[in-house]
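In this text, all values refer to a predicted model and were calculated from it rather than measured experimentally.
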Amino acid sequence: MEIAIIAHDGKKAEMVQFLNENQVILQQKNIKLISTGTTGSKVEKAGFEVTKYLSGPYGGDAQIASRVAEGKCNMVLFFRDPHEKHPHEPDISMLLRLCDVHDVPLATNPATAELLIKAV
């Protein structure tokens with residue numbers, strides 16, 4: 001199973017904490033993590049293996065959206081910061097829309113991500 005992990009700058013520490021708390025599940029289920037560049041770098045420093053794509057503002061969200069559309073990505077965990085404006089909002093919207101179009105589970109906060117990861 002391939003899971004995309006993305007986190008806005010103010011949520012990257014939360015993503016790392018979430019992954020640490022769910023490390024056993026991720027290992028037991030042999031889950032492959034993919035990520036946008038900066039989030040992926042933080043996750044790597046925490047000891048996780050992750051395939052990194054471009055940073056979100058440089059097209060990483062679009063690259064992950066492409067994997068969703070191709071049926072390669074099975075779940076998206078995107079910890080969004082609702083208090084900040086993001087210059088790449090069209091790419092973010094496209095990713096969220098493609099998750100809906102292709103019926104791919106999507107969590108935009110840790111509470112929902114917890115429910116999804118436990119369901120794996």
Side-chain angles (χ1 to χ4, degrees):
M1 173 176 246
E2 181 175 285
I3 298 178
I5 52 170
I6 307 164
H8 285 144
D9 289 344
K11 301 289 183 172
K12 290 185 190 326
E14 255 182 302
M15 178 61 79
V16 170
Q17 179 182 346
F18 173 82
L19 294 172
N20 281 327
E21 291 170 357
N22 292 283
Q23 187 170 10
V24 172
I25 293 171
L26 296 170
Q27 290 172 340
Q28 286 176 343
K29 301 294 182 174
N30 197 28
I31 292 171
K32 178 185 176 188
L33 297 176
I34 65 169
S35 182
T36 50
T38 312
T39 300
S41 293
K42 300 277 185 193
V43 168
E44 273 182 339
K45 286 179 185 170
F48 290 90
E49 187 175 318
V50 61
T51 300
K52 294 183 295 189
Y53 291 91
L54 296 172
S55 178
Y58 292 96
D61 298 319
Q63 287 178 300
I64 290 176
S66 173
R67 293 190 67 78
V68 168
E70 292 170 359
K72 295 178 180 174
C73 180
N74 309 104
M75 183 184 297
V76 176
L77 307 179
F78 189 164
F79 291 4
R80 300 175 67 203
D81 187 347
H83 300 294
E84 296 292 324
K85 257 185 119 33
H86 303 282
H88 58 291
E89 193 65 41
D91 291 344
I92 294 167
S93 296
M94 175 185 54
L95 172 58
L96 302 179
R97 186 179 88 63
L98 285 172
C99 286
D100 288 342
V101 167
H102 293 280
D103 203 24
V104 171
L106 165 70
T108 58
N109 60 63
T112 307
E114 188 76 27
L115 292 172
L116 288 181
I117 208 75
K118 297 245 190 280
V120 173

Would you give me the side-chain donor-acceptor pairs under 3.5 Å for residues 96-108, sequence neighbours excluded?
none

Would you sort out whether Phe18 and Ile5 count as a side-chain contact (heavy atoms from CB on, under 4.5 Å), showing the intermediate values?
CA-CA 11 Å; Phe18 173 82; Ile5 52 170; over 6 Å; no

Please report the interatomic distance [atom1]([X]) to [atom2]([Y]), rounded to the nearest 0.5 Å.
X	Y	atom1	atom2	value
Lys11	Asp9	NZ	CG	12.0 Å
His8	Thr39	NE2	OG1	8.5 Å
Ile31	Gln23	CD1	CD	12.0 Å
Arg67	Thr51	CZ	OG1	7.5 Å
Cys73	Ile3	SG	CD1	8.0 Å

Side-chain donor/acceptor pairs under 3.5 Å, residues 40-50, sequence neighbours excluded:
from	atom 1	to	atom 2	distance (Å)
Ser41	OG	Gly37	O	3.2
Glu44	OE1	Lys52	NZ	3.0

Could you list the donor-acceptor pairs under 3.5 angstrom formed between side-chain atoms of residues 111-120 and any protein atom two or more places apart in sequence or on another chain?
from	atom 1	to	atom 2	distance (Å)
Thr112	OG1	Asn109	OD1	3.1
Glu114	OE2	Lys118	NZ	2.6

Taking the side chain as C-beta and beyond, is there a heavy-atom pair between Ile92 and Phe78 under 4.5 Å?
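Result yes, sub-4.5 Å side-chain heavy-atom pair found.
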
Side-chain heavy atoms of Val68 within contact of Leu95, under 4.5 Å
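They are in contact (side-chain heavy atoms under 4.5 Å apart), so the answer is yes.
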
Under a single-linkage definition using a 4.5 Å side-chain heavy-atom cutoff for Ile, Leu, Val, Met, Phe, Trp and Tyr, are Leu26 and Met15 assigned to the same hydrophobic cluster?
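Shared cluster, yes.
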
Would the distance check show the side chain of [X] and the main-chain N or O of [Y] forming a donor-acceptor pair, the cut-off being under 3.5 Å?
X	Y	value
Thr36	Asp61	no
Lys12	Ala7	yes
Glu2	Ile34	no

side-chain contact (heavy atoms from CB on, under 4.5 Å), that's the test. Do Asn20 and Val16 meet it? Break it down for me.
CA-CA 6 Å; Asn20 281 327; Val16 170; 3.6 Å; yes

Heavy atoms only: give me the nearest [X]-[Y] pair and the separation to one decimal.
X	Y	answer
Ala4	Ile64	CB-CG2, 3.6 Å
Gln63	Tyr53	OE1-CB, 3.2 Å
Glu14	Pro110	OE2-CG, 3.2 Å

